[in-house]
Amino acid sequence: MSQYAILQNNVVINVCAWDGVSPYAPPTGCTLVQSDSCGIGDIYDPLTQTFSKPAGS
């Protein structure tokens with residue numbers, strides 16, 4: 001199992017463990033990105049495919 005970020009507007013709103021194979025659909029308006037180091041509130045940059053902490057954290 002890998003950890004996945006559940007993103008809404010490129011912000012991590014939750015994380016989950018998923019095997020990447022079993023049927024699963026993220027909530028409406030959300031996407032999944034595999035990451036073993038992100039946390040709730042982190043910001044995802046799709047151009048660099050990296051996560052960062054929000055300003056002031």
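Remember, predicted model here, so these are calculated numbers, not experimental data.
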All pairs passing salt bridge (Lys or Arg N to Asp or Glu O under 4.0 Å) where residues 28-37 contributes a residue, at least two apart:
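Non-adjacent pairs meeting salt bridge (Lys or Arg N to Asp or Glu O under 4.0 Å): zero.
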Pairs touching residues 44-53 that satisfy salt bridge (Lys or Arg N to Asp or Glu O under 4.0 Å), sequence neighbours left out:
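For residues 44-53: Asp42-Lys53.
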Val12 and Tyr44: CA distance, side-chain angles, deciding distance, side-chain contact (heavy atoms from CB on, under 4.5 Å) verdict:
CA-CA 7 Å; Val12 179; Tyr44 180 68; 5.6 Å; no
Can you name the side-chain contact (heavy atoms from CB on, under 4.5 Å) partners of Ser52, sequence neighbours left out?
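In terms of side-chain contact (heavy atoms from CB on, under 4.5 Å), with neighbours along the sequence ignored, Ser52 is linked to Ile43.
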Straight-line distance of Tyr4 OH to Leu7 CG, nearest 0.5 Å
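It is 12.5 Å, given to the nearest 0.5 Å.
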Just verifying a value: how many Å separate Ile6 CD1 and Leu32 CG, rounded to the nearest 0.5 Å?
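One finds 6.0 Å between CD1 of Ile6 and CG of Leu32.
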Under the side-chain hydrogen bond (donor to acceptor under 3.5 Å, both in side chains) definition, can you give me all pairs with a residue in residues 5-20, not counting sequence neighbours?
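Residue pairs passing side-chain hydrogen bond (donor to acceptor under 3.5 Å, both in side chains), neighbours aside: Asp19-Ser22.
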Compare every heavy atom of Gln3 with every heavy atom of Cys38, then report the nearest pair and how far apart it is.
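So the minimum-distance heavy-atom pair works out to O-NE2, 3.3 Å.
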Closest heavy-atom contact between Val15 and Ala5?
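That closest heavy-atom pairing would be CG1-CA, 4.3 Å.
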Quick one: list whatever passes side chain to side chain donor-acceptor pair (under 3.5 Å) with Thr31, sequence neighbours left out.
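Scan of Thr31 (side chain to side chain donor-acceptor pair (under 3.5 Å), adjacent residues dropped) gives none.
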